[in-house]
Amino acid sequence: MSNLRVRFAPSPTGHLHIGGARTALFNFLLARKERGTFVLRIEDTDVERSTQGYVDAILDAMAWLGLDYDEGPFYQSRRSELYKNKVKELLVSGHAYRCYCRPEELEAKRNAAIQKGGKPRYDGRCRDRSDQPENSPYVVRFKTPREGYTEFLDKIKGPISVANEELDDLIIQRTDGTPTYNFVVVVDDAEMRINLIIRGDDHINNTPRQIPIYKALGYQIPEFAHVPMILGADKKRLSKRHGATSVMAYKEMGYLPEAMINYLVRLGWSFGDQEIFSLEELVDKFNLENVGKSAGVFNPEKLLWLNEHYIKTADTERLAGLITPLLTDKGIDVSKGPALDAVVKTLQDRAKTLVDLANSATFYYQAPQNYDSNAVTKFLTEDKKAILELMILQINRFDVLTSHHVEQLFGHIIDETGLKMGKIGPAVRVALVGTAQSPSLYDVIAVLGKEETLQRLQNAVDRLFS
RNA sequence: GUCCCUAUCGUCUAGCCUGGCCCAGGACACCGGCCUUUCACGCCGGCGACGGGGGUUCGAAUCCCCCUGGGGACGCCA
């Protein structure tokens with residue numbers, strides 16, 4: 001157990017998205033590697049937009065990914081007493097002041113500043129104001145130092161320095177008495193003894209605004225590591241326009257969590273030329289040193305490739321379990337038909353997603369309702385009737401059909417007819433599954449079993465050659 | 001607009017700190033071939049990048065400066 005304490009602090013104003021998940025993952029991985037503590041904190045100070053539904057969605061997504069935390073979830077909405085006291089503390093110590101400026105005037109000033117080509121900052125009008133008008137609404141602002149520089153050594157980006165004159169006096173408490181993000185994040189990170197903050201680099205500009213607050217409150221300043229953003233194909237910040245961005249949407253599309261984890265970690269982090277990492281390996285190898293500094297583009301195709309890989313190598317029974325509900329949704333009763341295990345085994349090398357896998361499994365449970373007409377005209381020509389009948393005859397000579405038996409069986413047919421497998425196979429396939437594609441016939445027939453195979457062959461003969 | 005961050009194949013990246021091993025390696029995608037009872041899988045091969053300009057140096061993807069491009073921030077959102 002080291003003393004490393006990291007946290008993931010999502011705000012429940014939306015689903016857990018790709019970017020957030022990666023930030024959570026980096027935190028999780030480092031905590032596990034260093035045997036530190038991973039804290040989960042829900043930043044729900046925006047009462048307007050935060051919902052319990054999103055909290056649940058985020059928790060579900062983290063559970064699905066396997067990112068379990070050691071402490072929390074803590075809710076900022078339940079810690080208002082603490083924040084109030086801290087604001088009071090700053091007011092008393094002279095590090096903060098009441099500001100009576102109206103939002104409208106501020107807005108106007110901001111726009112004017114932008115027009116003039118300057119930086120839209122608060123002008124500090126109330127900073128040295130000593131009167132306290134009764135019954136006037138006010139916000140509390142933090143007195144940001146006006147001279148000098150605020151600097152920190154980012155664990156990913158390196159040294160970062162900002163002139164304090166670029167900063168303005170940010171609001172730490174709203175008119176309604178609730179605290180704002182830049183303030184609560186400092187109080188909570190400090191109170192929760194977080195000593196390394198790993199977060200998106202959209203927060204990099206917030207850091208020099210937060211550091212003076214740590215100092216004013218007498219807190220120790222943690223270390224920071226700002227992870228680069230994830231962009232869409234057009235290099236714009238990733239958004240719904242770029243397709244699915246919510247983690248759970250990928251679950252719905254039939255992705256395996258390990259594929260998502262593996263994709264996410266390699267987007268921005270590398271370990272030589274290695275592409276495939278198990279979770280154990282990641283816990284062992286992950287580090288901040290190898291996290292890149294520049295933003296990366298989300299590439300769904302590579303994620304799909306990884307998913308393919310993990311499906312290919314996944315435990316067959318697990319996959320069977322995962323697609324059972326999908327099959328049920330399609331009205332298939334898996335107990336009435338071949339063992340799903342055996343079915344999956346013939347299919348898992350060929351599926352890119354669980355949805356693919358489920359779709360391609362259906363033919364084992366449903367005899368063809370109709371036959372693909374292109375396939376029929378191409379492969380099930382009139383002369384193939386004899387082959388199907390011969391096949392039926394041959395099958396009846398076996399009690400059980402293993403894939404090995406089936407291979408033998410085809411050997412006999414080849415000998416008897418003098419035809420090549422290339423002529424026989426496709427014909428039998430269309431008769432059995434209704435289309436021109438399927439796994440190896442040897443496997444398909446073995447899995448279907450003697451009775452079902454015979455029935456389907458007979459069916460095809462009756463329906464296509466009458 | 002101002003400030004901050006950033007810059008190697010279309011994309012993710014290795015190499016950069018500690019210049020020569022790099023006329024730049026891997027992966028995805030794409031293209032071609034092989035395998036084959038179909039479609040996939042797999043295997044083999046191909047295409048393809050050091051943003052530009054100045055320096056420093058015998059030598060620069062690697063060090064320095066400028067430009068340009070990209071991203072982010074500038075909220076009583078987080």
Side-chain angles (χ1 to χ4, degrees), chain A residues 9-13 43-46 48-50 76 99 101-103 106-107 110 113-121 137-141 154 156-158 160-163 165-168 170-176 178-182 184-185 200-209 226 228-229 231 233 235-237 263 266-276 290 292-306 308 312 347-352 360 375 378-379 410 414 420-430 433 435-442:
Chain A
S11 75
T13 54
E43 309 228 321
D44 53 356
T45 48
D46 183 350
E48 298 289 308
R49 297 191 300 150
S50 298
Q76 292 189 321
C99 169
C101 297
R102 315 289 320 125
L106 260 21
E107 181 69 26
R110 249 199 303 276
I114 291 175
Q115 291 264 286
K116 268 177 39 195
K119 186 157 182 156
R121 319 200 292 269
Y138 64 89
V139 299
V140 177
R141 284 185 189 270
D154 194 279
I156 291 172
K157 304 270 190 175
I160 292 175
S161 165
V162 177
E165 59 180 356
E166 297 296 332
L167 278 19
D168 63 355
L170 64 265
I171 292 171
I172 59 176
Q173 186 179 85
R174 303 184 183 95
T175 310
D176 65 3
T178 58
T180 59
Y181 167 74
N182 273 302
V184 294
V185 77
D201 80 4
D202 48 339
H203 286 289
I204 217 162
N205 292 291
N206 286 142
T207 310
R209 297 152 71 88
H226 287 96
M229 301 273 85
L231 277 23
K235 298 272 179 96
K236 300 289 181 212
R237 195 183 182 135
Y263 178 72
R266 272 290 286 109
L267 180 64
W269 175 82
S270 59
F271 191 82
D273 286 338
Q274 190 172 343
E275 294 288 348
I276 306 290
N290 291 335
K293 295 173 164 193
S294 54
V297 173
F298 176 66
N299 182 352
E301 278 163 347
K302 188 153 184 179
L303 170 59
L304 185 61
W305 171 73
L306 281 163
E308 217 176 321
K312 221 172 288 172
L347 259 19
Q348 76 185 97
D349 270 359
R350 342 163 39 90
K352 291 178 193 292
S360 58
K378 193 164 175 202
F379 299 118
F410 274 107
I414 288 168
K420 294 217 162 99
M421 187 60 183
K423 291 285 174 197
I424 303 166
V428 174
R429 173 172 292 108
V430 177
V433 308
T435 65
Q437 299 97 30
S438 85
S440 162
L441 273 181
Y442 307 154

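Computed from heavy atoms alone, side chains included, the values below leave out hydrogens, waters and symmetry copies. Numbers restart at 1 for each chain; the letters A, B, ... are given by sequence-line order, proteins then strands.
- Look at CD on A/E165: it is 14 Å from P on B/U2, rounded to the nearest Å.
- Applying the side-chain contact (heavy atoms from CB on, under 4.5 Å) rule to A/E166 yields the partners A/K119, A/R121, A/V162, A/A163; only residues at least two apart in sequence or on another chain are considered.
- Comparing A/L231 and A/R121 against RNA chain B, the residue whose closest nucleotide sits nearer the 5' end is A/L231.
- A/D273 meets the side-chain hydrogen bond (donor to acceptor under 3.5 Å, both in side chains) test with no other residue; sequence neighbours excluded.
- At the phosphate of B/U36, neither OP1 nor OP2 sits under 4.0 Å from any side-chain N or O atom of A/R429.
- Comparing the P positions of B/G15 and B/G70 gives an interatomic distance of 27 Å, to the nearest angstrom.
- Minimum atom distance to the side chain of A/D202 is reached by B/A73, of the listed B/C12, B/A73, B/C76.
- Here B/A27 presents its P atom at 19 Å from CG of A/L303, a figure rounded to the nearest Å.
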Within the sub-3.5 Å range, which N or O atoms of nucleotides 5-7 of chain B have a protein N or O partner, and how far apart are they?
{"unit_1": "B/C5", "atom_1": "O2'", "unit_2": "A/K157", "atom_2": "NZ", "d": "2.6"}
{"unit_1": "B/U6", "atom_1": "OP1", "unit_2": "A/K157", "atom_2": "O", "d": "3.3"}

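- Of the listed nucleotides (B/C12, B/U2, B/G71), B/U2 has the atom at the smallest distance from the side chain of A/E166.
- Within 4.0 Å of A/G292, counting heavy atoms only, lies no atom of the nucleic acid at all.
- B/A60 and B/G54 have their P atoms separated by 13 Å, given to the nearest Å.
- With a 3.5 Å ceiling on both atom-pair distances, the Watson-Crick or G-U wobble partner of B/C43 is B/G33.
- Atom P of B/C43 sits at a distance of 44 Å from the matching atom of B/C5, rounded to the whole Å.
- With sequence neighbours excluded, the residues satisfying side-chain hydrogen bond (donor to acceptor under 3.5 Å, both in side chains) with A/Y181 are A/H203.
- With distances taken from any side-chain atom of A/I171 to the nucleotides B/U38, B/U11, B/C76, the minimum falls on B/C76.
- Atom C1' of B/G19 sits at a distance of 8 Å from the matching atom of B/C63, rounded to the whole Å.
- Backbone-only engagement by A/P426 is indicated by non-hydrogen atom pairs under 4.0 Å involving sugar-phosphate atoms exclusively.
- At a threshold of 4.0 angstrom between heavy atoms, the contacts of A/P10 with the nucleic acid are absent.
- Between A/Y263 and A/F298, the ring-plane angle classifies as perpendicular under the 30° and 60° cut-offs.
- When all heavy atoms of A/H226 and A/K157 are compared, the pair lying nearest together is O-CE, 3.7 Å.
- A/L441 comes within 4.0 angstrom of a base, heavy atoms only.
- Among the nucleotides B/U37, B/C76, B/G26, the one closest to any side-chain atom of A/D273 is B/G26.
- Closest of all the heavy-atom pairs between A/M421 and A/P426 is O-CD, 3.7 Å.
- A/R429 and A/P439 make their closest contact through NH2-O, 3.6 Å (heavy atoms, listed as atom of the first residue, atom of the second, distance).
- Straight-line distance from the CZ atom of A/F410 to the P atom of B/U36: 17 Å, rounded to whole Å.
- A/N206 comes within contact range of at least one nucleobase, with a heavy-atom separation under 4.0 Å.
- At whole-Å resolution of the value, CG in A/L347 and C1' in B/U38 are 14 Å apart.
- One C1' atom belongs to B/C9, the other to B/C31, and the distance between them is 15 Å to the nearest Å.
- The side-chain hydrogen bond (donor to acceptor under 3.5 Å, both in side chains) search around A/Q437 returns none, not counting sequence neighbours.
- Atom C1' of B/G71 sits at a distance of 25 Å from the matching atom of B/G48, rounded to the whole Å.
- For the pair A/K235 NZ and B/G72 C1', the computed distance is 15 Å after rounding to whole Å.
- In the interface, the side chain of A/S438 is not paired with the base of B/U38 through any donor and acceptor atom under 3.5 Å apart.
- Judged by distance alone with a 3.5 Å cut-off, no donor-acceptor contact links the side chain of A/Q274 to the base of B/G26.
- Here A/T13 lies out of heavy-atom contact (under 4.0 Å) with every strand.
- Here the nucleotide nearest the side chain of A/N299, chosen from B/U37, B/G10, B/U13, is B/G10.
- Contact annotation for A/C99: no contact, since no heavy-atom pair falls under 4.0 Å across all strands.
- The two residues A/M229 and A/D201 come nearest to each other via the heavy atoms CG-OD1, 3.3 Å.
- Atom-to-atom, CG of A/L106 to P of B/C76 comes out at 7 Å; the value is rounded to the nearest Å.
- On the P atoms, B/C3 is 14 Å away from B/C66, given to the nearest whole Å.
- In this structure, A/Y181 atom OH and B/A73 atom P are separated by 12 Å, rounded to whole Å.
- The residue A/K423 sits apart from the nucleic acid: no heavy atom pair falls under 4.0 Å.
- Picking from B/U37, B/C76, B/A78 the nucleotide with the shortest atom distance to the side chain of A/E43 gives B/A78.
- Note on A/H203: a base of the nucleic acid sits closer than 4.0 angstrom, heavy atoms only.
- Nucleotides B/C35 and B/G20 have their P atoms positioned 44 Å apart, rounded to a whole Å.
- Within 4.0 Å of A/V139, counting heavy atoms only, lies at least one base atom of the nucleic acid.
- The CG atom of A/N205 sits 15 Å away from the P atom of B/G71 (whole-angstrom rounding).
- For B/A73, the OP1/OP2 oxygens have a side-chain nitrogen or oxygen of A/R237 closer than 4.0 Å.
- Applying the ring-ring contact (aromatic ring centres under 6.0 Å, His included) rule to A/Y138 yields the partners A/Y100; only residues at least two apart in sequence or on another chain are considered.
- No donor-acceptor contact under 3.5 Å links the side chain of A/T180 to the base of B/C76.
- When each of A/P179 and A/G296 is assigned the nucleotide of RNA chain B bearing its nearest heavy atom, the one mapping closer to the 5' terminus is A/G296.
- Scanning for salt bridge (Lys or Arg N to Asp or Glu O under 4.0 Å) contacts around A/D154 gives an empty result, with sequence neighbours left out.
- Residues passing the side-chain contact (heavy atoms from CB on, under 4.5 Å) test with A/I171, sequence neighbours excluded: A/V139, A/R141, A/T180.
- The pairing partner recorded for B/G69 is B/U6, the criterion being a Watson-Crick or G-U wobble arrangement whose two distances lie under 3.5 angstrom.
- Comparing B/U38, B/G71, B/C28 against the side chain of A/K302 picks out B/C28 as the nearest.
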So which protein nitrogen or oxygen atoms get under 3.5 Å of nucleotides 42-52 of chain B's nitrogens or oxygens?
{"unit_1": "B/G42", "atom_1": "OP1", "unit_2": "A/K312", "atom_2": "NZ", "d": "2.9"}

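- B/C41 has its base syn relative to the sugar, with a glycosidic angle deviating from 0 by at most 90°.
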